[in-house]
A.B. asks: 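Here you go, one structure.
Predicted, not measured: the structure shown is a model, and the values here were computed from it. Hydrogens, waters and symmetry mates play no part in the numbers below; they use all other heavy atoms, side chains included.
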Amino acid sequence: MGLSLSVWPQNNAGNIPSMSSSAFPQMAVPISSRLAVTLNSSPVAPGDSRSQWSSVHHSPHFLLSACKQEITRSPVELSSDGARAEIGVKTGLHVWEMLWNPNLRGSHAVLGISTQNCPLRASGYNVLVGGESQSWGWELKTNQLWHAGQSLGLYPKKCHLEAMKDFKPQFHISSQSKTAQTPFPIPECILLILDADAGTLGFIIEGNFLGVAFKDLPRGVELFPAVSSVRGGAIIRLRYLNGATRDPPELMALCRLSIRQYVGDERLNKMHKLPLPPQVQQYLVCSQ
């Protein structure tokens, strides 16, 4: 993904825990070393301005919390309502976390990215993010990707039959197409991965990168995390986790990542037992 020089062949992205009982590990694709190092770095402070929803650019049916990190949709009928982040990006690799309770999504629950010109309100029940040319969205209930008012198919695309066999109540497999006819349930926490340099957008679920959802995004245009909902009481929380420039990762960072992954999270607290200078031990333990 992005302009990285190599691929990090590990399904579990960074140190994010993966649910072994889930189908997502079998659908994961390798991530770049650039993304792996970014995910393995300590997240920015929770109060960072990049973690805030815009106080201006949201539907009047969305209520903004005092910290601006959470929006709540009012119980209004026959309305599709959207919101976007306060700060967008034009370059670099960026990771946001979105928390959206599956029980508070309803139909037409969409998250993705948008430009400054994306409409944030429409009459009726519609896909708003991805409903026109200024936004790209993933509809969580149906797993459909949307752009310019068109469905671009299911995501994740790597729906192996092996990944489905343990989820028979949730899937019907056509004998002709051999593809999933019923969507995967998407959990509360979703990581949005935007590579503005490469023009790609993807998502991480339960520590597994599910591949590029959208490519050929406009370059040099400010892009914002965005959501749209029709469900009264929907609560969506945004947090910016980390980012990276278009430069390849430093060799020291790659070495630290490789060692940390080999040692494993459960043994990081024993790093002091290695026959290494204290400064090297501290560097390996810290994520920065």
A.B. asks: Is it true that D81 and R231 have a side-chain N and a carboxylate O under 4.0 angstrom from each other?
C.D. replies: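 Salt bridge absent between D81 and R231.
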A.B. asks: Quick one: does T115's side chain get under 4.5 Å of L223's, heavy atoms only?
C.D. replies: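 T115 vs L223: side chains touch.
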A.B. asks: Determine the sole option in H108, H61, R73 for which the side chain to side chain contact (heavy atoms under 4.5 Å, CB included) test with S229 is passed.
C.D. replies: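 Filter result, single survivor: R73.
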A.B. asks: What is the distance from atom CG of L238 to atom CG of L99, rounded to the nearest 0.5 Å?
C.D. replies: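 Interatomic distance, L238 CG to L99 CG, rounded to 0.5 Å: 9.0 Å.
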A.B. asks: Is M98 reachable from L104 through a run of hydrophobic residues whose side-chain heavy atoms are each under 4.5 Å from the next?
C.D. replies: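 No: no chain of side-chain contacts under 4.5 Å links L104 to M98.
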A.B. asks: Please check this pair: side chain of R121 against backbone of L128, looking for a donor-acceptor N/O pair closer than 3.5 Å.
C.D. replies: no
A.B. asks: Do the side chain of T200 and the main chain of A196 share a donor and acceptor less than 3.5 angstrom apart?
C.D. replies: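 Not a single qualifying donor-acceptor pair exists.
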A.B. asks: Which heavy-atom pair separates S42 from N242 by the least distance, and what is that distance?
C.D. replies: O-ND2, 2.7 Å
A.B. asks: Will you find, in the side chains of T142 and E139, an N or O donor that is under 3.5 Å from an N or O acceptor?
C.D. replies: yes
A.B. asks: Linking I/L/V/M/F/W/Y whenever any side-chain heavy atoms sit under 4.5 Å apart, do V89 and V44 land together?
C.D. replies: yes
A.B. asks: Can you tell if the side chain of F24 reaches within under 4.5 Å of the side chain of I186, non-hydrogen atoms only?
C.D. replies: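 With C-beta onward as the side chain, the pair touches.
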A.B. asks: For a side chain to side chain contact (heavy atoms under 4.5 Å, CB included) check, start with the C-alpha distance between I31 and L39, then their side-chain angles and the critical distance, and finish with the verdict.
C.D. replies: CA-CA 10 Å; I31 62 176; L39 292 169; 4.2 Å; yes
A.B. asks: Kindly give the heavy-atom pair with the smallest separation between P187 and R105, and that separation in Å.
C.D. replies: O-NH2, 2.6 Å
A.B. asks: Decide yes or no for H94 and I113: does some side-chain heavy atom of the first lie under 4.5 Å from some side-chain heavy atom of the second?
C.D. replies: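 No, side chains not in contact.
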A.B. asks: Please check this pair: side chain of E132 against backbone of H147, looking for a donor-acceptor N/O pair closer than 3.5 Å.
C.D. replies: no
A.B. asks: Taking the side chain as every heavy atom from C-beta outward, state whether L201 and I193 have any pair of such atoms under 4.5 Å apart.
C.D. replies: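 The answer is no; the side chains never approach within 4.5 Å.
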A.B. asks: Quick one, Y240 with E97, criterion side chain to side chain contact (heavy atoms under 4.5 Å, CB included). Give me CA distance, side-chain angles, the key distance, then yes/no.
C.D. replies: CA-CA 6 Å; Y240 181 82; E97 176 188 76; over 6 Å; no
A.B. asks: Please name the pair of heavy atoms, one in E86 and one in S55, separated by the smallest distance, quoted to 0.1 Å.
C.D. replies: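 Between these two residues, the closest heavy atoms are OE1-N, 3.3 Å.
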A.B. asks: Let me check something: do I71 and L63 share a hydrophobic cluster, defined by ILVMFWY side-chain heavy atoms less than 4.5 Å apart, either directly or through other members?
C.D. replies: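 I71 and L63: separate clusters.
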A.B. asks: Rounded to the nearest 0.5 Å, what's the gap from OG on S135 to CZ on F224? Could you check?
C.D. replies: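 Output value for this atom pair is 13.0 Å.
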A.B. asks: Within the distance-only criterion (no hydrogens, no angle test), does the side chain of D197 pair as donor or acceptor with the backbone N or O of G92 below 3.5 angstrom?
C.D. replies: yes
A.B. asks: Determine whether a donor-acceptor pair (N or O, by modelled atom type, separation under 3.5 Å) exists between the side chain of D247 and the backbone of T245.
C.D. replies: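 Judged by distance alone, no pair lies under 3.5 Å.
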A.B. asks: Without swapping roles, check the side chain of S74 against the backbone of V76 for a donor-acceptor pair under 3.5 Å.
C.D. replies: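 Judged by distance alone, no pair lies under 3.5 Å.
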A.B. asks: Quick one: does S51's side chain have a donor or acceptor within less than 3.5 Å of a partner on R239's backbone?
C.D. replies: no
A.B. asks: Please examine the side chains of H57 and L120, heavy atoms only from C-beta on, and report whether any two atoms are closer than 4.5 Å.
C.D. replies: yes
A.B. asks: If hydrophobic clusters are built from ILVMFWY residues whose side chains come within less than 4.5 Å, do V230 and W100 share one?
C.D. replies: no
A.B. asks: Any luck finding a side-chain donor-acceptor pair between S114 and Q134 under 3.5 Å?
C.D. replies: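 Side-chain D/A pair, S114 to Q134: absent.
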A.B. asks: Going from OG on S107 to OH on Y125, what distance comes out if it is rounded to the nearest 0.5 angstrom?
C.D. replies: 8.0 Å
A.B. asks: What I'd like to find out is whether the side chain of V212 reaches to under 4.5 Å of the side chain of V29, using heavy atoms alone.
C.D. replies: no
A.B. asks: Would a distance-only check, ignoring hydrogens and angles, find a side-chain to backbone donor-acceptor pair under 3.5 Å from T38 to R34?
C.D. replies: yes
A.B. asks: Nearest heavy-atom pair of F214 and L217: which atoms, and what distance?
C.D. replies: CB-CD2, 4.0 Å
A.B. asks: Could you tell me whether the side chain of S151 and the main chain of Q144 form a donor-acceptor pair under 3.5 Å?
C.D. replies: no
A.B. asks: Apply the test side chain to side chain contact (heavy atoms under 4.5 Å, CB included) to residues L210 and I205: give CA-CA distance (whole Å), side-chain angles for both, the deciding distance (0.1 Å), then the verdict.
C.D. replies: CA-CA 7 Å; L210 303 181; I205 302 292; 3.6 Å; yes
A.B. asks: Roughly how far, to the nearest 0.5 Å, is the CG atom of N126 from the CG atom of L78?
C.D. replies: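 It comes to 10.0 Å.
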A.B. asks: Nearest 0.5 Å please: distance from the SG atom of C118 over to the CH2 atom of W136.
C.D. replies: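 Here the rounded value is 9.0 Å.
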A.B. asks: Do I87 and Q52 have side chains that approach each other closer than 4.5 Å (heavy atoms only, starting at C-beta)?
C.D. replies: no
A.B. asks: Does a side-chain heavy-atom distance below 4.5 Å link L111 with I236?
C.D. replies: no
A.B. asks: Give a yes or no on whether Q150 atom CD has more than 12 heavy-atom contacts from other residues, nucleotides or ligands under 6.0 Å away.
C.D. replies: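 Atom CD in Q150 is not crowded, with 12 or fewer foreign heavy atoms closer than 6.0 Å.
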A.B. asks: Looking only at atom types and distance, does a side-chain atom of W53 sit under 3.5 Å from a main-chain N or O of Q69, one as donor and one as acceptor?
C.D. replies: yes
A.B. asks: In Å and rounded to the nearest 0.5 Å, what is the CD1 to CH2 distance from I190 to W96?
C.D. replies: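 I190 CD1 to W96 CH2: 15.0 Å, rounded to 0.5 Å.
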A.B. asks: Considering all heavy atoms of both residues, which atom of L276 and which atom of V280 are nearest to each other, and what is their separation?
C.D. replies: CD1-CG1, 4.1 Å
A.B. asks: So does E70 pair up with R237, basic N to acidic O under 4.0 Å?
C.D. replies: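 Yes, charged N to carboxylate O under 4.0 Å.
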A.B. asks: Partners of F203 by ring-ring contact (aromatic ring centres under 6.0 Å, His included), sequence neighbours excluded?
C.D. replies: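 ring-ring contact (aromatic ring centres under 6.0 Å, His included) check on F203 returns W138, Y155.
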A.B. asks: Are E222 and K90 close enough, and set up right, to give a salt bridge (Lys or Arg N to Asp or Glu O under 4.0 Å), and what steps lead you there?
C.D. replies: CA-CA 5 Å; E222 195 169 15; K90 292 183 178 181; 5.5 Å; no
A.B. asks: Who pairs with R50 by salt bridge (charged side-chain N to carboxylate O under 4.0 Å, His left out), at least two apart in sequence or on another chain?
C.D. replies: D48
A.B. asks: For W146, what are the other residues in its hydrophobic cluster, where any two members join if their side-chain heavy atoms are less than 4.5 angstrom apart?
C.D. replies: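 V110, V127, V129, listed by chain and number.
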